[in-house]
Amino acid sequence: MTTSRPADDLRKDDKRDEPKGNGGPAGAIANWVDERTGAAKGARFLMKKVFPDHWSFMLGEIAMYSLIILLLTGTFLTFWFVPSMGETVYNGSYVPLKGVQMSEAFKSTVNISMDVRGGLLIRQIHHWAALLFLVSIMLHMARVFFTGAFRKPREINWIIGLLLFMLAMVEGFAGYSLPDDLLSGTGIRAAEGFMLSIPVIGSYVASLVFGGGFPGEAIIPRLFTVHVLLLPAIIVGLFTAHIILVMVHKHTQYPGPGRTNKNVVGFPLMPVYTAKAGGFFFIVFGVTALISGLVTINPIWMYGPYEPTMVTAGSQPDWYMGFADGALRLLPGRLEFTLLEHTFVFNVFIGAILLIPLMWTAMGIYPFLEKWVTGDNEEHHLLDRPRNAPTRTGIGMAFFVFYFVLFFAAGNDLMAIKLHLSINDITWAFRILTFLGPVMAFWITKRLCLSLQRRDRDLVLHGRETGRIIRTAEGRFFEAHEPLNRYQRWPLVSFASHAPVSLPAGIDRNGVRRRKAAADKMRVRLSHFFFNDRIEPVTPAELEAAHHHDEPVREEIDHTVEEARRLEGDDFGGKLHGGAEELSSSSAYGHPDQR
């Protein structure tokens, strides 16, 4: 049994002592720093910064935490790694390689794996964190694309993300090549072939990178400098710029009650978000360490040192370069030809060198293309639900299908061996899917998004199906619907539906042809491609009309069918409420734009 306390006694135990000095030693230090740097104002701004709470925002955090893990483990590895191709003989503890001639780079990597305490675990954490870094960037950018987070004012951040993704791929390849084992050496040999395929200047580029003929003795030291110094500095700088812009623009958020383009609903950086982010960092670090301790990756001691005369059977690049390898396998050999005493190897150049810049350029242009088509110059801090931008979502899925077709094509030889099929048939199947797959993915995804929008519209207008069947006195049956509350209804109606733009007059009032007539025609075509098929969000007037539309149904349940028909009109079909028989203007399936 508890006894109540008088109101005057509720704060009886509060401490009323005056604070010591300037807040104790920590306060004194903070005051000293602030008087010399003025950091208190910036720190106060950061600590009050509000971050929304949604699971998809963790994808960017995983990328950031993976980068921190990479920097920590990479620093550890540089203490023992020797970036040299000088020849030496291995006499370490790994018996199968004793007495084998190898480079100092390979020997130091084996020593890290076998003789340095914790070295193998750190190596594997570094490699797994690199893979996690790349996949988290890819998924994070997919979330940004499908939700429209790249729109004004975040176009610069989108470009920064693309650059980070591309540089992370190059960084991964450079680190993958440093051990100078047989597998990584095969990859370097392939890279040299890719450089040679560049028209006219290919041989000069390869000679510049390798410091002469392949393999030479300069490539490992140069890759080490690029991997440890140059690219990490650029990546950290871009990541810092990315985070600063997030702070400046404020974080995006999903639509919901109380959320607008002028506020952010969430938790402040201190203390809530900092505690959550710190805990999540240790979760990411722990899971990465667990995977690294249980799953072996890149066992270079099994491959042995690189020899230019040898090639590892079944060698393939890490997953992030798989799509380029697949493109190489699908491009026909007839693209190699001789012209003016020069050999052009476009079947290699397109897939290995040209494909990545083309794909990244297309992704970089897209935000500006969509802005031009829509004419939307407003700032957007609320995200789109992917279904509410069906054309954009379809384009994104088409791109992913194109990517994964090339990715799986990189294993056409293994598929042929394991499935006992013709490698030529598999290659031709992938060639057809490269063009047909994205088109099918776009069409299917767009139709699914439109169907989901119709379902949302119907749900807002008529409520949720309860499964309860009600019989009237006249013997007719109705399903009782439960209306959505305002919190459930908000994300279903709070989106903008752009209409196709119309073509302006081709000549001005003086009869002179407008200079931008051709560009306007292109914009109109793209606008119809984007927005000709669309579902308008439910307006307040439609919602009010739908509520009045449902009222006679309830009265029919309580009174008579004749009274319901008198108020309802001919639109009411007399069967289950909310079914396909109701095709009034307020119904999603009977909407004028969709008839």
Side-chain angles (χ1 to χ4, degrees), residues 62 65-136 168 171-188 220-221 223-224 226-229 231-232 281-307 310 312-321:
I62 293 173
Y65 300 151
S66 299
L67 178 61
I68 295 173
I69 296 170
L70 285 169
L71 294 174
L72 294 174
T73 55
T75 302
F76 177 90
L77 295 174
T78 56
F79 294 155
W80 287 275
F81 181 73
V82 180
S84 172
M85 295 190 71
E87 294 294 327
T88 185
V89 176
Y90 179 76
N91 290 309
S93 60
Y94 187 65
V95 177
L97 288 177
K98 277 193 173 183
V100 176
Q101 190 173 9
M102 59 184 64
S103 67
E104 292 183 352
F106 184 78
K107 179 182 178 181
S108 63
T109 308
V110 175
N111 287 333
I112 291 173
S113 303
M114 300 297 174
D115 299 316
V116 175
R117 188 180 297 274
L120 179 58
L121 178 62
I122 298 298
R123 265 196 67 231
Q124 300 218 142
I125 291 177
H126 191 73
H127 201 139
W128 278 113
L131 299 182
L132 187 62
F133 179 57
L134 281 155
V135 73
S136 58
E171 174 78 337
F173 175 77
Y176 173 83
S177 304
L178 285 179
D180 197 33
D181 60 288
L182 187 55
L183 182 60
S184 64
T186 302
I188 295 177
I220 295 298
L223 284 176
F224 181 78
V226 169
H227 180 72
V228 174
L229 181 62
L231 288 181
F281 167 72
F282 288 107
I283 290 174
V284 173
F285 205 148
V287 171
T288 306
L290 181 64
I291 296 173
S292 304
L294 297 177
V295 184
T296 300
I297 190 170
N298 198 23
I300 52 104
W301 55 89
M302 296 180 61
Y303 308 141
Y306 177 64
E307 290 288 342
M310 300 180 183
T312 306
S315 60
Q316 291 177 316
D318 272 338
W319 72 268
Y320 49 86
M321 296 300 295

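Looking only at distances, no side-chain donor or acceptor of Arg123 sits under 3.5 Å from a matching main-chain atom of Ile297. Using modelled atom types, one side-chain atom of Trp128 and one backbone atom of Val295 make a donor-acceptor pair closer than 3.5 Å. A distance-only check finds a donor-acceptor pair linking the side chain of Asp181 to the backbone of Leu183 [under 3.5 Å]. In terms of modelled atom types and a separation under 3.5 Å, the side chain of His227 and the main chain of Gly175 share a donor-acceptor contact.
Closest of all the heavy-atom pairs between Thr296 and Gln124 is CA-OE1, 3.3 Å. Heavy-atom minimum distance, Glu171 versus Val226: OE1-O, 3.8 Å. Smallest separation of non-hydrogen atoms from Val135 and Trp319: N-CZ2, 3.5 Å. In terms of heavy atoms, Ser66 sits closest to Ala129 at CB-O, 3.8 Å. The nearest pair of heavy atoms linking Ala130 to Leu70 is N-CD2, 3.5 Å. Taking each heavy atom of Ser136 and Ile62 in turn, the nearest pair found is CB-CG2, 3.8 Å.
Take Trp80 and apply the ring pair (Phe, Tyr, Trp, His ring centres under 6.0 Å) test, not counting sequence neighbours, and it matches Phe76.
You'll find the side chain of Lys107 stays beyond 4.5 Å of the side chain of Val82, heavy atoms only. Taking 4.5 Å as the limit, some side-chain heavy atom of Ile188 sits within range of a side-chain heavy atom of Leu223. Using a 4.5 Å cut-off on side-chain heavy atoms (C-beta onward), Leu229 and Phe224 make no contact. Residues Pro305 and Leu182 form no side-chain contact, since every pair of their non-hydrogen atoms from C-beta on lies 4.5 Å or further apart. When side chains are defined from C-beta on, Ile69 counts as touching Ile125, because their heavy atoms get closer than 4.5 Å. Contact annotation: the side chain of Asn298 approaches that of Tyr303 to within less than 4.5 Å [non-hydrogen atoms, C-beta and beyond]. A heavy-atom distance below 4.5 Å is not found between the side chains of Tyr306 and Met102. For the pair Leu77 and His126, the minimum side-chain heavy-atom distance is below 4.5 Å.
Between the side chains of Asn111 and Ser108, not a single donor N or O lies within less than 3.5 Å of an accepting N or O.
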Would you check, one step at a time, whether the test side-chain contact (heavy atoms from CB on, under 4.5 Å) holds for Met85 with Glu104? CA-CA 6 Å; Met85 295 190 71; Glu104 292 183 352; over 6 Å; no
Residue pair Asp318, Leu131: steps toward the side-chain contact (heavy atoms from CB on, under 4.5 Å) verdict: CA-CA 8 Å; Asp318 272 338; Leu131 299 182; 4.0 Å; yes
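Counting heavy-atom neighbours within 6.0 Å of Met302 CE, excluding the residue itself, gives a total of 12 or less.
The six-membered or imidazole ring of Tyr90 lies away from that of Phe106, with a centre-to-centre distance of 6.0 Å or more.
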